[in-house]
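It should be emphasised that the depicted structure is a prediction, and the values quoted were computed from it without experimental measurement.
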Amino acid sequence: MDTIKAINYVLLVFFFICYAYQAVYILIPFVVKKKPHKPAVMHRFAVLISARNEEAVIANLLDSIKRQSYPAELINIFVCADNCTDNTAAVAAEHGAEVIERFNLEQVGKGYALNYLLGRVDALYPDRPFDAYFVFDADNVLEPDYIEQMNRTFSDGFEVVTSYRNSKNFGDNWISSGYALWFMRESAWLNRPRMLAETSCAVSGTGFMFSQKVLDDCGGWNFFLLTEDIEFTIMNITAGRRIGYCGDAVLYDEQPTKLRQSLRQRKRWTRGYVQVFMKYGGEMVRGIFKGSFACYDMFMNILPAAVVTVLAVFANLGGFVYSILTHQGAAVVIASVLGVLNSMYLTVFGIGALTLVSEWKRIYAPAWKKVLFTFTFPLFMLTYIPCTVAGICARDVVWKPIEHTRAASLAEIRSGSRRAA
C-alpha cells in the first residue's frame with residue numbers, strides 16, 4: 001500500500017504548489033498601502049434584486065437601501081418577483097421598489113431573472129439614465145454608507161466592483177459560521193490583497209456592481225450557468241478587465257443552517273465551476289500564457305482543488321477495496337487518509353483562525369461561538385469533499401432556491417454579539 005501513500009503525498013504537494021501564492025496574499029496588506037480615492041463623481045444607480053418567495057426578508061434589504069447616505073434621488077430600486085407564489089411582489093412595492101413579475105418555469109435561475117429584469121428596465125427607461133447597476137440578493141442588508149463607498153471605488157475607474165460580504169447569522173451553528181468565515185476570508189484575504197496588488201478581484205454571488213459600459217459590452221446579462229457570478233467574473237477577466245474591491249462597503253446575507261440544503265447548494269456550485277471551465281477554460285489558459293496572473297488566479301479557484309479532491313477520493317477508495325480483496329490489510333490506507341485529513345484540518349484551521357483574528361470586530365456573535373466555530377470550520381470545509389465528487393460526477397444538477405427566513409434589521413444583526421446562545 002506504499003502506492004496509496006505516494007499518491008496521497010503527490011496530490012498533497014501538488015495542491016500546496018497550486019495555492020502557495022495565496023500565502024503571499026497574506027503578506028501583501030502588511031507591505032502595500034491602500035491608494036487614496038480620486039474625487040467622487042455622483043453617479044445614478046439602478047439596484048437589481050431577483051427574489052423568489054422572499055416576503056420574509058426582502059423588506060429589510062429595501063429599508064436598508066432607503067436609509068443609504070447616498071442621495072436617494074440617484075437610486076432606483078427594481079425587484080424581479082421571479083415565479084413567486086407568496087407576497088414578495090406586494091411587500092417589495094410597499095417598501096418602495098419598482099416591481100416586475102416574471103413567470104417562467106423553463107428558464108429557471110438568477111441569471112435568467114436578471115436578464116429579464118434588465119430588459120424591462122431598458123423598456124421603462126429608454127433614455128438609459130443609469131451609470132451602473134447593483135446586484136443584491138433579497139436576504140441582504142446593507143450598511144448605511146454602502147453605496148457611497150462603492151461609488152468611491154467606481155469613481156476611481158473600476159467598471160466592476162465587489163464588496164465585503166458579512167453574515168447575518170454567524171452564530172446559528174457550525175454550518176452558517178463555516179460559510180461566514182469563508183466569505184469573510186474571501187473578502188479580507190483574497191480580494192483585498194488582489195486589489196492592493198493591482199490584479200483582478202472576483203465577484204461572489206451578491207453585493208457587486210457593474211457599469212452600463214460593461215453591460216453593453218456583454219450584450220446584456222447573458223450569464224446562465226449554475227454559478228453565474230463566477231461566469232461573469234471569468235468573462236470580464238479573460239476580456240482583460242480588472243474587477244475592483246471595496247472593503248469599506250459591507251453587506252450581510254443569510255447563510256444556510258441545514259446540512260442537506262448546504263450540501264445541495266455546494267454541489268451546484270461545484271457543477272457550476274465545471275460548466276465555467278468547459279466554457280472559458282481555453283481562454284483562461286491562453287490568458288495565462290500571455291502573462292495574465294488574474295487568469296491563473298481564477299483558474300486555480302475553479303479547477304485544481306476539485307480535481308485533486310476527486311482523484312484522492314477514488315484513489316483511496318480503490319486502495320481500500322484492493323487491500324481488503326488481497327488481504328493486505330487496510331491499516332496503511334486508513335493511516336494515510338487520516339494523515340491527509342489531519343494536514344487539511346490544520347491548514348484550514350489556520351485560515352479560519354487568521355480570519356477570526358483579523359475580522360473579530362466584524363463578526364456579530366458571542367465570543368465563545370466565534371472561537372468554537374473556528375475549530376469546526378475545517379469540518380465544514382471537509383464536507384466539500386462529497387459535494388465536489390457529486391458535483392463533478394453528476395449530470396442532473398439544477399438550480400433550486402435557498403429558503404431565507406432570517407428577517408433582521410442592521411441593528412438586530414449587530415446585537416448578535418451581545419445575545420446569549
Atom of [X], atom of [Y] and distance for their closest heavy-atom approach:
| X | Y | value |
| --- | --- | --- |
| M195 | G244 | SD-CA, 3.8 Å |
| I28 | P193 | CG2-O, 3.9 Å |
| D145 | S69 | CA-OG, 3.5 Å |

Can you tell me how the ring of [X] sits relative to the ring of [Y], calling it parallel under 30°, perpendicular over 60° and tilted otherwise?
| X | Y | value |
| --- | --- | --- |
| F375 | F349 | tilted |
| F293 | Y25 | perpendicular |
| F183 | W269 | perpendicular |
| F232 | F223 | perpendicular |

Is any side-chain N of the basic residue among [X] and [Y] closer than 4.0 Å to the acidic one's carboxylate O?
| X | Y | value |
| --- | --- | --- |
| D137 | K110 | yes |
| R102 | D82 | yes |
| R241 | E159 | no |
| K213 | D217 | yes |
| K35 | E198 | yes |
| E143 | R414 | yes |

List for me each residue that meets salt bridge (charged side-chain N to carboxylate O under 4.0 Å, His left out) alongside E254, sequence neighbours excluded, and say none if there are none. none
Sorted by chain and residue number, the salt bridge (charged side-chain N to carboxylate O under 4.0 Å, His left out) partners of D127 (sequence neighbours excluded) come out as none
Could you state the interatomic distance from CZ (R44) to OH (Y125), rounded to the nearest 0.5 Å? 6.5 Å
If you count every heavy atom of other residues, nucleotides or ligands that lies below 6.0 Å from F30 atom CZ, does the total exceed 12? no
Taking atom CE of M278 as the centre, does the number of heavy atoms from other residues, nucleotides or ligands within less than 6.0 Å exceed 12? no
Side chains of [X] and [Y] in contact at under 4.5 Å (non-hydrogen atoms):
| X | Y | result |
| --- | --- | --- |
| I49 | I65 | yes |
| Y245 | L190 | no |
| Y116 | W221 | no |
| R266 | F380 | yes |
| H95 | D63 | yes |
| L372 | W174 | no |

What residue pairs, at least two apart or across chains, pass side-chain hydrogen bond (donor to acceptor under 3.5 Å, both in side chains) with a residue in residues 338-351? none
Taking the side chain from D139 and the backbone from D253, do they hold a donor-acceptor pair closer than 3.5 Å? no
Side chain E412, main chain S409, donor-acceptor under 3.5 Å: yes
